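To start, the structure itself, in structure tokens.
This one's a predicted model, so the numbers in the text were calculated from it and none came from an experiment. So that the names make sense, note that chain A is the first sequence line, chain B the second, and so on, each numbered from 1.
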Protein chains: 2
Amino acid sequence: MAATIRDVARVAGVGLGTVSRVLNNSPLVSAATRQRVLAVMAELRYNPSQIARNFALGKTLTVATIAPFFTRPSVVERLRGIEATLTASGYHLVVFNVEAVERRDECLREAVRNDRADGLLLVSLAPRPDEAVALREAHLPVVLIDTCAEGLPGVSIDDVAGGHLATSHLIALGHRRIAFIGDPETDPLTFNFTSSRDRMLGYQQALAAAKLPLNPAYERHGLHGRYEARVLARELLHLPEPPTAIFAASDTQAMGVLEAARDLHLPVPEALAVVGFDDIDIAEYLGLTTVRQPLFESGARAVELLFLLLSGAAPPPAERLPVELVVRRTSMKNR
Amino acid sequence: MAATIRDVARVAGVGLGTVSRVLNNSPLVSAATRQRVLAVMAELRYNPSQIARNFALGKTLTVATIAPFFTRPSVVERLRGIEATLTASGYHLVVFNVEAVERRDECLREAVRNDRADGLLLVSLAPRPDEAVALREAHLPVVLIDTCAEGLPGVSIDDVAGGHLATSHLIALGHRRIAFIGDPETDPLTFNFTSSRDRMLGYQQALAAAKLPLNPAYERHGLHGRYEARVLARELLHLPEPPTAIFAASDTQAMGVLEAARDLHLPVPEALAVVGFDDIDIAEYLGLTTVRQPLFESGARAVELLFLLLSGAAPPPAERLPVELVVRRTSMKNR
DNA sequence: CTGTTAGCGCATTCAC
DNA sequence: GTGAATGCGCTAACAG
């Protein structure tokens with residue numbers, strides 16, 4: 001059916017190897033024969049079989065990405081960065097969306113068992129120690145995004161600093177009763193994924209630095225989602241001494257807080273200041289003050305690190321991207 | 001390094017074919033030998049080379065998806081449906097995000113040229129006639145999502161009916177000056193992608209059915225985006241006789257309309273009713289009345305159709321999923 | 001039931 | 001520079 005390298009060789013009256021060399025732009029071909037081969041290729045409408053090529057090379061020119069919750073806007077933005085950088089280099093991106101623990105484990109197992117990808121990108125999700133050794137043994141290069149793990153290259157941010165930034169901003173505005181809403185302390189899905197915890201750490205450190213008391217009742221944890229955060233925020237706002245400001249570990253959760261404020265007819269920022277994290281697309285629309293992190297860039301940079309690994313380089317150290325406070329309406333000065 | 005099927009055969013003292021049969025769960029193997037082979041496979045920590053398997057089979061167990069604008073929430077939701085259905089069948093999903101025309105063309109060309117995917121899914125993006133024949137010649141099965149094209153299977157919705165639904169709702173609320181904001185009439189990126197146009201058609205039909213005049217000044221088109229829609233909406237609201245209701249061809253654009261209303265201090269829905277389209281995640285948060293379409297299901301169903309094609313079935317006819325009006329705050333009765 | 005054989009399409013040695 | 005030979009790891013068709 002489709003023409004093969006052999007057909008081209010026969011018609012062009014040259015050897016197999018020569019056609020292969022032309023394909024790979026080898027300099028070991030005279031201009032004349034190259035032209036002839038090229039002409040025959042065009043004539044026969046030959047196109048090389050990628051899958052045979054992969055087989056012979058032992059490479060797939062594909063990298064797999066495992067990410068929890070496609071739908072999370074921050075993850076999507078990272079994927080955008082990954083896709084753009086990958087396809088710019090002729091690589092393909094295969095994606096796995098894990099929304100349950102079983103899938104998480106299965107995807108990781110599959111990734112090491114299979115050789116269908118040359119490298120692996122893990123978004124907001126760290127391998128367990130046993131998974132890490134499996135990865136190493138399978139010689140499957142991995143780069144982490146938005147997480148850290150002993151000895152594995154990755155690109156993340158300083159979540160502690162980010163939490164500190166957000167909280168000191170609220171303190172500077174005169175708030176003294178500042179609450180925190182974040183993810184559950186442990187989550188089997190995103191093993192060792194400490195973003196939320198670190199942001200809380202930054203929150204606590206900022207309070208301590210300002211000699212403000214740490215009120216455990218002001219620290220709430222729930223599944224990452226608007227609805228869950230809304231419930232938690234409502235609880236906070238019903239406290240005998242409710243917070244005047246809430247720092248949420250993500251913009252999604254901050255949206256839940258805004259909903260709660262609306263439920264209780266609390267004007268924002270007058271009665272309640274709100275700060276989120278990530279600066280997802282919608283944050284600007286909502287006028288949400290937030291801590292911006294370079295999402296697209298994190299994906300792009302991770303791919304670059306992976307390419308380094310694929311080229312045989314030693315595992316580069318983990319990198320940190322900068323964060324930045326973006327002040328908007330939900331935390332305007334008002335007191 | 002890694003054990004191959006040959007090693008297993010040697011150690012187990014059987015032939016190559018037998019090992020292969022065990023791998024493929026062929027019934028033509030005695031229980032005894034199967035056990036033995038299985039044991040040796042475990043002992044040698046053998047795992048089959050997918051890439052060699054693909055090569056021998058001439059299949060990749062991979063389907064490619066080309067979609068414009070990952071970041072569009074409706075597209076992401078469709079991708080979720082695609083991914084879930086695909087990986088449930090052991091297929092891999094490789095994604096291409098096209099945000100520019102050149103990339104669009106290149107991706108499609110690459111898809112037919114390469115044999116790196118067994119099938120192709122096109123989201124919100126129809127092949128041009130020449131591309132369609134190239135697809136056919138390459139024997140690359142395609143399923144369209146959110147679009148239609150002559151003779152190609154696809155899953156979409158009745159956009160005209162959706163536009164009609166939204167507009168009649170506004171008419172029933174007593175509105176008589178109803179404007180429309182949609183995508184540009186032609187877009188090289190999403191060739192033949194008529195969603196927005198069809199929704200406008202439904203809008204026009206609903207107006208005509210109610211004997212309401214069609215005011216060309218009330219029909220605006222701009223690039224699909226919040227900001228662009230915001231500008232258009234502002235123009236509309238500055239008209240000598242501004243509309244009292246705006247139907248936007250997507251929720252994203254409806255958000256722009258809401259922003260414009262906020263800019264002009266127009267209370268919604270009292271001074272301006274707004275209806276969107278898609279019912280993306282954020283719509284509920286915004287209290288946005290919208291036309292819901294089954295986004296996740298559209299992806300899932302498209303994959304099912306593609307599987308049909310891959311199994312050698314004749315191209316199934318295009319399918320339409322139902323739409324449904326979801327009334328929320330932005331179009332509450334108020335007059 | 002099982003072992004053997006012949007490719008799948010290409011890259012990569014080698015000789016010439 | 002170029003052609004011929006070998007093998008990547010597996011499936012499938014064949015003979016036993």
Original post:
Can you tell me how far the NE2 atom of B:His92 sits from the CG atom of A:Asn114, to the nearest 0.5 Å?
Top reply: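 Here the interatomic distance stands at 5.5 Å.
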
Original post:
If you take atom types as modelled and just measure distance, does the side chain of A:Arg21 reach the base of D:dG3 with a donor-acceptor pair under 3.5 Å?
Top reply: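 Side chain to base: pair present.
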
Whole Å only: how far is the [atom1] atom of [X] from the [atom2] atom of [N]?
X        : N      : atom1 : atom2 : answer
A:Asn54  : D:dC10 : CG    : P     : 16 Å
A:Phe55  : D:dC10 : CZ    : C1'   : 7 Å
B:Leu61  : D:dC10 : CG    : P     : 15 Å
B:Asn25  : D:dT11 : CG    : P     : 11 Å
B:Asp7   : D:dC10 : CG    : P     : 9 Å
B:Met41  : D:dG9  : CE    : P     : 17 Å
B:Tyr46  : D:dG9  : OH    : C1'   : 7 Å
A:Asp115 : D:dC10 : CG    : C1'   : 12 Å

Give the nucleotide from the list [options] with an atom nearest to the side chain of [X].
X       : options               : answer
B:Leu57 : C:dC10, C:dT2, D:dT11 : D:dT11
B:Ser30 : C:dC1, D:dC10, D:dG3  : C:dC1
B:Thr4  : C:dC10, D:dG9, C:dT2  : D:dG9
B:Ala52 : D:dT2, D:dG9, C:dT4   : D:dG9
A:Ile5  : C:dA11, D:dC10, C:dT2 : C:dA11
B:Thr18 : D:dC10, C:dG3, C:dG9  : C:dG3
B:Val14 : C:dG9, D:dC10, C:dG3  : C:dG3
B:Ser49 : C:dG9, D:dT11, D:dG9  : D:dG9

Taking OP1 and OP2 of [N], is either one under 4.0 Å from a side-chain nitrogen or oxygen of [X]?
X       : N      : answer
A:Arg6  : C:dG9  : no
A:Ser20 : C:dA11 : yes
B:Asn24 : D:dT11 : yes

Original post:
Between B:Gln50 and A:Asp115, what is the shortest heavy-atom contact and its length?
Top reply: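 Here B:Gln50 and A:Asp115 meet closest at N-OD1, 3.0 Å.
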
**OP:** Keeping the roles fixed (side chain from A:Arg10, backbone from A:Gly15), state whether a donor-acceptor pair exists under 3.5 Å.
**Re:**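 No, the answer is negative, given that no donor and acceptor are paired below the 3.5 Å cut-off.
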
**OP:** Please determine if B:Glu297 and B:Arg78 form a salt bridge, counting it only when a charged side-chain N lies under 4.0 Å from a carboxylate O.
**Re:**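 Here B:Glu297 does not pair with B:Arg78 in a salt bridge, since their nearest N and O are not under 4.0 Å apart.
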
Original post:
Can a salt bridge be assigned to the pair A:Arg80 and A:Glu83 using a cut-off of 4.0 Å between side-chain N and carboxylate O?
Top reply: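 Salt bridge: no.
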
Original post:
What nucleic acid atoms does A:Gly58 come within less than 4.0 Å of, heavy atoms only: base, sugar-phosphate, or nothing?
Top reply: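 Nothing: the residue A:Gly58, judged by heavy atoms under 4.0 Å, touches no strand.
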
Original post:
More 5' along DNA chain C: B:Val29 or A:Leu16, using each one's nearest nucleotide?
Top reply: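 The 5'-side residue here is B:Val29.
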
Original post:
Side chains of A:Asp118 and A:Tyr91: does their closest heavy-atom pair fall under 4.5 Å?
Top reply: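 They are in side-chain contact.
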
